[in-house]
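To start, the structure under review is shown below, and the notes come after it.
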There are 2 protein chains.
Amino acid sequence: MSSIKDVAFKAGVGIATVSRVINQSGYVKQETKERIEKVIKELGFKPNEIARSMTQQKNHIVAFILPNTKHLFFGELLYEVESALYEKNYKLMVCNSSERIEKELSYIEMLKTNRVDSMILLTNNDIAHLLDKKYRIISFDRIFEGIPYVASDNYEGGRLAALHLIERGAKKFMFIGDDQQGSDNIVNTEVSKRRLAFIETLKQKGFHHVIEIEYPLGNYIDIPDEVQQQVLLHKDVDGIFCISDAVAARVIKTLELAGKHVPKDVKVMGYDGGRSFLNLGKTITSIDQQPHLTAKAIVDIIEHYYKNTRIEPFQITPVKLVIGETT
Amino acid sequence: MSSIKDVAFKAGVGIATVSRVINQSGYVKQETKERIEKVIKELGFKPNEIARSMTQQKNHIVAFILPNTKHLFFGELLYEVESALYEKNYKLMVCNSSERIEKELSYIEMLKTNRVDSMILLTNNDIAHLLDKKYRIISFDRIFEGIPYVASDNYEGGRLAALHLIERGAKKFMFIGDDQQGSDNIVNTEVSKRRLAFIETLKQKGFHHVIEIEYPLGNYIDIPDEVQQQVLLHKDVDGIFCISDAVAARVIKTLELAGKHVPKDVKVMGYDGGRSFLNLGKTITSIDQQPHLTAKAIVDIIEHYYKNTRIEPFQITPVKLVIGETT
DNA sequence: TTGTAAGCGTTATCAC
DNA sequence: GTGATAACGCTTACAA
């Protein structure tokens with residue numbers, strides 16, 4: 001690959017002038033500029049980004065640490081984040097943590113070694129004390145002291161779910177989620193507000209008894225058998241709000257296998273947007289997190305980091321009720 | 001961040017010696033080594049990877065260009081590729097092309113500008129002539145002249161599908177796929193062998209008439225209404241093989257809405273592995289591409305590139321029949 | 001308006 | 001065993 005030197009030599013100018021042309025910085029005589037551009041084209045010269053990163057101590061690469069890219073919501077979020085970054089000319093590195101803290105840490109090292117210069121963090125591990133504030137870090141959904149975060153409006157999501165189930169005529173409610181969502185957990189997560197809002201809203205409307213099923217945080221895909229048993233145990237429940245569409249799908253299947261009709265006997269809602277394209281049977285009523293909006297908020301913060309402008313401590317993006325066939 | 005210079009100064013040695021210690025190259029007296037390691041720890045020094053890339057003209061970053069990360073199969077493949085690369089200490093950049101050729105080209109530029117030093121390409125666009133053989137490029141599923149590629153055993157997949165449907169008692173067959181899969185297309189894809197094998201195998205078993213429905217390549221998620229109408233039109237068909245689980249899911253839903261029972265009236269198979277965790281209703285019988293195996297094959301080729309060892313022109317990885325509730 | 005040269009943080013060569 | 005020093009390809013003072 002030809003370098004700036006080759007261009008300078010062939011055009012009979014100094015390398016600084018070539019640099020000025022490719023960066024459109026400083027003054028260059030029109031004539032010189034054209035000559036240089038011609039040579040650049042002839043040689044097919046492209047500036048070496050590694051060398052640029054070297055002088056600027058920045059590479060405009062963002063790392064996204066997330067549990068995995070298999071979960072439908074994560075795949076969508078990743079897609080939106082990458083698309084939004086692309087517009088602004090940042091590049092995205094994916095880092096599957098599989099929820100393992102040691103993998104997360106090894107990825108976080110990339111900030112110290114200048115492999116990436118900013119990082120989006122989506123984790124349930126309590127790694128706050130390991131996050132150096134001097135780096136450009138953004139958290140999604142989890143609240144870490146001193147780290148800006150982005151989340152969709154989980155409280156509103158829980159509220160909408162409660163109101164919708166009430167409107168559909170449900171009288172006896174259940175909430176199903178994984179236990180990291182509890183408000184008294186080590187990791188403070190925005191997600192816990194789904195349950196909170198759901199229960200508070202029901203209370204306000206006169207429904208004081210809500211069955212809460214929480215289970216150990218899993219792989220986002222499978223839910224334990226006990227949960228399914230619990231669902232069948234409470235035969236009078238007719239309105240169920242699940243922490244995700246994946247959980248809702250399982251719950252619906254469990255109910256139907258047991259001879260219950262959804263939504264006639266039981267109304268079931270999920271969370272994330274119901275965009276499950278492999279949705280055999282019914283489409284799920286859900287709360288859409290609108291990942292394109294959270295992605296935009298994340299990229300906004302990243303830009304503020306790079307521009308050294310003021311960063312809001314957090315950004316909450318709107319959610320939307322999506323009515324499917326399960327309520 | 002402290003540099004190698006700071007370490008050298010504080011340890012009272014030259015920078016070359018420090019370099020030898022961090023790279024475990026060349027001879028360093030045990031005593032010196034220990035002193036340097038102590039200083040490294042004290043300073044929290046980490047070598048700057050940008051500078052390293054500078055001298056080595058390599059950054060061990062791999063780009064993965066793919067249509068999107070929303071499709072379940074892509075999300076899985078991405079996960080497996082990233083995991084396999086992680087083991088070997090490579091980093092992965094994701095590049096959603098949304099099937100747009102200009103985005104693909106802009107990502108391919110990253111090879112020229114040294115932002116990444118190898119690339120996995122998953123595309124339906126005919127960009128063979130734009131791919132410079134001097135770069136480390138690997139294609140998934142598509143055959144481009146002179147570019148090594150990896151694919152799962154699509155022929156075997158089609159064959160297994162035919163045999164399974166026959167075994168389940170189907171007599172009248174249909175294939176549903178998108179038209180880029182046709183063998184006479186501009187882009188030569190391994191995927192076309194699914195159809196080929198399906199039809200050839202049926203013929204061998206005495207079934208000579210297969211209805212083939214092909215439609216313009218879509219976004220991998222929606223299938224056109226016409227396809228669904230076609231499905232209902234051929235009332236005597238009782239064995240359908242679809243190009244993906246996503247398509248199969250739609251077909252099944254269409255059939256069931258029309259009052260047909262799957263699998264009693266019609267047996268339907270998909271492709272990709274049936275791991276649709278949002279699978280309400282029935283689980284789909286499918287051909288598992290075993291993305292962990294293709295991922296491994298891809299990473300193998302990448303390693304050969306870096307080591308400058310001989311690269312096989314292609315790698316075909318095994319598939320597996322997964323029996324669900326739709327056949 | 002342009003060119004020279006220092007510097008970014010490493011690695012690698014070559015004396016000592 | 002070890003330490004200067006040149007390179008890697010660029011940006012950016014500073015001088016001309």
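Chain letters run A, B, ... following the sequence lines, proteins first and then strands; every chain starts at 1. Because the structure is a prediction, the values reported are computed rather than measured.
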Indicate the atoms forming the closest heavy-atom contact of [X] with [Y], along with that distance.
| X | Y | value |
| --- | --- | --- |
| B:Thr317 | B:Ala297 | CG2-CB, 3.9 Å |
| A:Lys133 | A:Gly146 | CD-O, 3.8 Å |
| B:Pro148 | B:Ile311 | CB-CG2, 3.9 Å |
| B:Ile316 | B:Asp153 | CG2-CA, 3.4 Å |

D:dT2 OP1/OP2 closer than 4.0 Å to side-chain N/O of B:Thr17: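 The answer is no; no side-chain N or O of B:Thr17 sits under 4.0 Å from OP1 or OP2.
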Range on DNA chain C touched by chain A - first to last nucleotide, heavy-atom distance under 4.0 Å: C:dT1 to C:dG9
Short side-chain to backbone donor-acceptor contact, B:Asn125 and B:Glu99, under 3.5 Å: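 Present.
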Donor-acceptor pairs under 3.5 Å, side chain of residues 58-65 of chain A to any protein atom, not counting sequence neighbours: which ones?
residue, atom, partner, partner atom, Å
A:Asn59, OD1, A:Ile61, N, 3.0
A:Asn59, ND2, A:Asn114, O, 3.3
A:Asn59, ND2, A:Arg115, O, 2.7

Reading 5' to 3' through nucleotides 8-16 of chain D, protein heavy-atom contacts under 4.0 Å coded B for base, S for sugar-phosphate only, - for none: BBBBBB---
Sugar-phosphate, base or nothing in reach of A:Ser53, heavy atoms under 4.0 Å: nothing
Aromatic ring pairing B:Phe73/B:His71, orientation class (parallel under 30°, perpendicular over 60°, tilted between): perpendicular
A:Phe314 and A:Tyr149 aromatic ring geometry - parallel, tilted or perpendicular at 30°/60° bounds: parallel
